[in-house]
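One structure is given below, encoded as structure tokens.
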Amino acid sequence: MPPRHFAGDPVPVARGLLGATLVRVLNSGERLSGRIVETEAYDCPRDPACTAGRFHAARSAEMAIAPGHWLFWAAHGHPLLQVACRPRGVPASVLIRALEPLEGRAQMLGFRPVTRERDLTNGPAKLVYALGLNPAQIAGTRVDSPGLHLLPPEGPLNDAAVRVTARVGIREGRTLPWRFTVRGNPWVSPALPSMALVDG
DNA sequence: ACTTCGATGCTCT
DNA sequence: GAGCATCGAAGTA
């Protein structure tokens with residue numbers, strides 16, 4: 001998917017990213033990939049949950065790169081993979097929160113040993129670890145880079161297949177329905193009860 | 001230097 | 001469902 005696809009409002013971009021495939025190609029040539037089953041949108045400055053603009057000056061600069069570039073937001077000491085959306089200078093992004101593993105599952109388990117396989121990539125930091133991503137190496141590169149890129153969904157998911165809820169782990173802006181999951185998919189991150197506010 | 005706060009994950013009940 | 005590890009950034013002094 002070309003960088004220009006991500007320019008603009010991150011909310012529809014996040015919705016449209018469901019069903020896309022995230023592909024990681026290791027130096028050895030081995031492919032690790034997964035289907036995106038959960039995303040969230042963050043959109044400074046209208047978004048109360050987006051703390052980048054208000055509090056984190058240095059991190060805002062990293063987040064406010066040109067559309068269609070990879071970036072990492074750190075939370076609780078964990079790196080979270082995102083795609084920048086708004087024009088350079090405006091912090092806004094889509095957060096990739098969960099994958100359904102496709103290729104290279106054994107290698108992913110090597111990077112991230114888990115006892116229950118369903119825990120392999122069902123969280124935003126989990127998938128970063130499972131793919132063996134080095135933030136310092138990936139951040140700032142284009143989303144169509146050979147090492148880490150996106151393949152478009154085979155067909156757009158219809159509304160019945162998409163569940164729309166509040167975002168995870170935030171205080172401000174918790175009423176905004178900006179989290180998108182593939183309905184019924186077992187690889188979606190563990191849901192909290194308070195999350196089933198908006199049901200689309 | 002010290003404190004607080006997360007866009008999380010892990011390990012128990 | 002709850003408690004804790006964790007770490008960079010920001011606010012306070």
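Quick note on labels: first sequence line is chain A, next is B, and so on, each numbered from 1.
Atom CG in A/L127 sits about 13 Å away from atom C1' in B/dG9, given to the nearest Å. Rounded to whole Å, the distance from CZ on A/R116 to C1' on B/dT11 is 11 Å. The NE2 atom of A/H78 sits 12 Å away from the P atom of C/dG8 (whole-angstrom rounding). Across the protein-nucleic acid pair, A/E38 atom CD and B/dT8 atom C1' stand 12 Å apart, rounded to whole Å. In this structure, A/E62 places its CD atom 11 Å from C1' of C/dG8, rounding to the nearest Å.
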Pairing string of DNA chain B (Watson-Crick or G-U wobble, both atom distances under 3.5 Å; | = paired to other strand) is ||||||.|||||.

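In this structure, A/R59 forms a cation-pi arrangement with A/W73, its terminal cationic atom sitting closer than 6.0 Å to the ring centre and no more than 45° off the ring axis.
Each of A/I170 and A/D119 has a nearest nucleotide on DNA chain B; the 5'-most of these lies closest to A/I170.
The side chain of A/K126 sits closest to B/dC10 out of C/dA9, B/dT8, B/dC10. In this structure, of C/dA10, B/dG6, B/dT8, it is B/dT8 that holds the atom nearest to the side chain of A/P124.
Nucleic acid contact class of A/R112 (heavy atoms, under 4.0 Å, all strands): sugar-phosphate only. A/H56 comes within contact range of the sugar-phosphate backbone alone, with a heavy-atom separation under 4.0 Å but no base atom that close. Among the heavy atoms of the strands lying under 4.0 Å from A/L95 is at least one base atom, whether or not backbone atoms are also near. Looking at heavy-atom distances under 4.0 Å, A/A125 makes contact with sugar-phosphate atoms alone, never a base.
By the criterion of a centre-to-centre distance under 5.5 Å and near-parallel planes under 30°, the ring of A/H76 forms a stack with the base of B/dT8.
Remark: A/C50 SG to A/D43 CG distance equals 7.5 Å, nearest 0.5 Å. Residue A/S145 holds its OG atom at 7.5 Å from NE2 of A/H69, rounded to the nearest 0.5 Å. Atoms CD and OG1, on A/E100 and A/T21 in that order, are 9.5 Å from each other to the nearest 0.5 Å. Here the straight-line distance linking atom CZ of A/R24 with atom CE of A/M108 works out to 11.0 Å at 0.5 Å rounding.
With A/E40 as the fixed residue, the salt bridge (Lys or Arg N to Asp or Glu O under 4.0 Å) test singles out one of A/R167, A/R15, A/R97: A/R97.
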At a cut-off of 3.5 Å, list every protein nitrogen or oxygen paired with a nitrogen or oxygen from nucleotides 11-13 of chain C, distance to 0.1 Å.
none

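For the pair A/V162 and A/D159, the minimum side-chain heavy-atom distance is 4.5 Å or more.
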